[in-house]
Structure formats: C-alpha cells, structure tokens
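Both backbone and side-chain heavy atoms feed into the values below; hydrogens, waters and symmetry mates do not. Here is the naming used below: chain letters follow the sequence lines, and residue numbers restart at 1 for every chain.
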Amino acid sequence: GDSVTQTEGQVTVSESKSLIINCTYSTTSIAYPNLFWYVRYPGEGLQLLLKVITAGQKGSSRGFEATYNKETTSFHLQKASVQESDSAVYYCALGVNQGGSAKLIFGEGTKLTVSS
Amino acid sequence: NAGVIQTPRHKVTGKGQEATLWCEPISGHSAVFWYRQTIVQGLEFLTYFRNQAPIDDSGMPKERFSAQMPNQSHSTLKIQSTQPQDSAVYLCASSSYWGEQYFGPGTRLTVL
C-alpha cells in the first residue's frame, strides 16, 4: 500500500532558529508520486504549502523548502529561521495520480509551536 | 471565489440516525474529494469524483457510507445508521484536472 510517516507529532522551536520536520513515504501503487506539504494555521482550513512532482527537485514557499529524494524516499520540510506566525500543523502527503489530480495520502501531522 | 463550501459546519446526531453532508466545489473544478479526520486515524481519503463520475472509493467503509455527485455544483456524503465511531471532521476538496486540491472548512460530525 501507500503510506506517509512523520515521526514527530509535536515540535517546539525558538523564534529565529532552524526547523526540520521529517517525512518519509512508501508506495507500491506508483513509481513517482507527487509529494506535498499542507499546513493548517490556527482557526483556518487546510491549505497547500508546497509541492514537488519530480524526483530530485526542490519546492519552496514562504521560506520553507523540501526536496524530493527518491533514494531515501524522503521529503523533509526545512526552514532556516522560523517565526511565531509559522506555528501551525504541517502535513506531508503523497499524491497517487490516476490520470489527473490525485487522491492524497497524508502523514499524521506535526504540530509546530514557535516560542518567542 | 468563495472557496469550497461545506454544510453544515457542525452536525450532532443520535446513534442510528442518518447524516448527510454537503459539499459545493469551486466553480469550474472537475474533481471532488472526500476525506475524514480523526485523532486516532488522522486524515484519511474516502472517495473522489471526476466530472461527476466516481473514480475511487477505496477509502469508504463498506457499509453505511455512500457518496454521490448528482451535478457539477455539489456532492453529498451520506452516513446511514450513524455510530459513535463515525464522529470525525469530514473534509471536502476540489481541484481542476491537474491542479492542487483546495479544501473546505470541514463538517464536524458528532454521534451521541
């Protein structure tokens, strides 16, 4: 089957420090899945943060970056300097294309708290 | 653009009652997805439609759950004989053919 693993359920980082949220995936249904990071800010709906559809490529948005690594089946989310406004829940997801926009398989989510 | 609209936002039902959840996708989007979020299972895919046709319902529980998309402007998720374990936030998303999925605010279903 297809699955996504985020090892940290909660992470607390001091403002201006760096961040890494780990994500690994496993898939048996598709050789090159699309990979996504979604974010849910407090009181808001789930929204796309960034996506990468080609292995080896890097996606970036709002200062966050993630590189699609097919060898290690990883898609870790990184930011060099977090801000309090980054506090949110982050979800890694795998897209299983079926001739168009794909159903998403989500990780468990990582709640990021940025302390001032 | 109002985004994906889900109604009701909250629904409370008694055990054994029926619940119908509504989703209005973004105008022009051809695909509609349903997901469910619980503390225990996280975010799970349920089913999706493209151009109103069911494409994949592999995440739908085999009994009591059904989804329809009678026209391009709305989709429904129906749960018959609701059980406490059906309590969850049900999310609807829509997308263009190759586009990103835009999520609605969700319907929080509570089964007493």
With a cut-off of 6.0 Å (strictly less than), are more than 12 heavy atoms of other residues, nucleotides or ligands near [atom1] of [X]?
X     : atom1 : result
A:I53 : CD1   : no
A:E44 : CD    : yes
B:R64 : CZ    : yes
B:Q68 : CD    : no

Worked check of side chain to side chain donor-acceptor pair (under 3.5 Å) between B:Q37 and A:Y91:
CA-CA 12 Å; B:Q37 184 166 27; A:Y91 296 91; 2.9 Å; yes
Are [X] and [Y] connected, step by step, through hydrophobic side chains (Ile, Leu, Val, Met, Phe, Trp, Tyr) whose heavy atoms are closer than 4.5 Å?
X      : Y     : value
B:Y48  : B:F65 : no
B:F103 : B:M69 : no
A:L77  : A:V11 : yes

Taking it one step at a time, do A:L104 and B:Y35 satisfy side chain to side chain contact (heavy atoms under 4.5 Å, CB included)?
CA-CA 9 Å; A:L104 297 171; B:Y35 297 86; 3.4 Å; yes
Contacting region of B:Y102 [heavy-atom separation from chain A under 4.5 Å]:
neither
What part of B:T47 gets closer than 4.5 Å to chain A, counting heavy atoms only: side chain, backbone, both or neither?
neither
Answer with side chain, backbone, both or neither: which region of A:F36 has an atom nearer than 4.5 Å to a non-hydrogen atom of chain B?
neither
Start with the C-alpha distance between A:L46 and B:L43, add both sets of side-chain angles, then the distance that settles side chain to side chain contact (heavy atoms under 4.5 Å, CB included), and finish with yes or no.
CA-CA 11 Å; A:L46 198 61; B:L43 261 164; 4.0 Å; yes
Flag the pair B:S58 / A:K103 as yes when at least one side-chain heavy-atom distance between them is below 4.5 Å, and no otherwise.
yes
For the atom pair CD (B:E100) and CG (A:L49), what is the distance rounded to the nearest 0.5 Å?
10.5 Å
Between B:F45 and A:F106, ring centroids under 6.0 Å
no
